[in-house]
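Throughout, numbering of the chain's residues begins at 1 and tracks the sequence.
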Amino acid sequence: RQLWSRFEKGEFTAWSYVVELFDGFVPVLSLGVLYVFAVLPIAIFWGPVLAVPVAIASMLAFNFFFLPPVYTFTLSDRQNWFALVVYVVTAIVVGVLASRYRTRGAEAEQRDWFWATAARIGLADVLIQAGLPERGSEALLAAIQAHPSYSTAHENLGDLYAKMASMAYDRALKEDS
């Protein structure tokens, strides 16, 4: 929360200075769009829940500092209300899209992890069938290390250790006889 607060203040201050720089060269109402750049990073990184208040605060800051009558919070002109709506809609849309892409990225990572772990377990099975149980256990241990909560790898490793113990016991019985 504190980091967001510092970031937000910095964004408002920076964009207010930029608007002030261009105030004499460009129509003031056109400069209001620069405050969208204060809204976008908040929407992208923190989502619409925080971006909507930033959008409203951006419009209020623009209104207070640059729209006549200056240093008042009047939104009497229809264009000003429209600008506020644009800020809020931008905050919501960008926040939702960024959230959706973060979710899709996490899902893709989950799929990649699943297939990589499944490949390690499959490799372990092939190695065990080829008579290389030690190498198979290495592959299973790699799968467990990649994702410790993957129960199938634990079960397979337990089965492998049981099989290896049984094989060692059978060899020991043969040597004794």
Phe73 vs Leu60, side chain to side chain contact (heavy atoms under 4.5 Å, CB included): CA-CA, chis, key distance, verdict | CA-CA 7 Å; Phe73 286 110; Leu60 290 174; 4.0 Å; yes

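- Judged as a salt bridge (Lys or Arg N to Asp or Glu O under 4.0 Å), and not counting sequence neighbours, Arg102 has no contacts.
- Atoms CZ and OG1, from Phe37 and Thr90 in turn, are 10.5 Å apart once rounded to the nearest 0.5 Å.
- Linking ILVMFWY residues whenever their side-chain heavy atoms come closer than 4.5 Å, directly or via other members, places Val88 and Phe45 in the same cluster.
- Within 6.0 Å of atom CZ in Phe64, more than 12 heavy atoms from other residues, nucleotides or ligands are found, so the atom counts as buried in its surroundings.
- Going from atom CZ of Arg111 over to atom CZ of Arg104 covers 10.0 Å, rounded to the nearest 0.5 Å.
- Taking the side chain as every heavy atom from C-beta outward, Ile128 and Lys163 approach each other to under 4.5 Å.
- Phe65 and Val70 fall within the same hydrophobic cluster, where Ile, Leu, Val, Met, Phe, Trp and Tyr residues are linked whenever their side-chain heavy atoms come under 4.5 Å apart, directly or through other members.
- With values rounded to the nearest 0.5 angstrom, Asp125 atom CG is found 10.5 Å from Asp159 atom CG.
- At least one donor-acceptor pair under 3.5 Å links the side chain of Thr103 to the backbone N or O of Ser99.
- Val96 and Val36 fall within a single hydrophobic cluster, where Ile, Leu, Val, Met, Phe, Trp and Tyr are joined by side-chain heavy atoms under 4.5 Å apart, directly or via other members.
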Kindly indicate, with the supporting measurements, whether the criterion side chain to side chain contact (heavy atoms under 4.5 Å, CB included) is fulfilled by Arg120 and Leu140.
-> CA-CA 7 Å; Arg120 286 184 180 118; Leu140 286 171; over 6 Å; no

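- Taking both residues in full, the closest heavy atoms of Val39 and Ala51 are given as CG1-O, 4.2 Å, listed atom of the first, atom of the second, then distance.
- Scored by the side chain to side chain contact (heavy atoms under 4.5 Å, CB included) test, Tyr161 finds Ser137, Leu141, Leu157, Met164 as partners (sequence neighbours excluded).
- The OG atom of Ser58 sits 12.0 Å away from atom CG of Asn63, with the distance rounded to the nearest 0.5 Å.
- Shortest non-hydrogen contact noted between Ala91 and Ala55 is CB-CB, 4.1 Å.
- Under a 3.5 Å cut-off, the side chain of Ser166 and the backbone N or O of Ala162 do not form any donor-acceptor pair.
- Note on Trp113 and Ile121: same hydrophobic cluster, where clusters join Ile, Leu, Val, Met, Phe, Trp and Tyr whose side-chain heavy atoms are under 4.5 Å apart, directly or indirectly.
- For Ser149, the side-chain hydrogen bond (donor to acceptor under 3.5 Å, both in side chains) partners are His147, not counting sequence neighbours.
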Quick one: do Lys174 and Arg171 satisfy side chain to side chain contact (heavy atoms under 4.5 Å, CB included)? Show the steps, please.
-> CA-CA 5 Å; Lys174 281 184 183 179; Arg171 273 195 310 266; 5.7 Å; no

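- When hydrophobic clusters are built by joining Ile, Leu, Val, Met, Phe, Trp and Tyr residues whose side-chain heavy atoms come closer than 4.5 Å, directly or via intermediates, Phe62 is grouped together with Tyr71.
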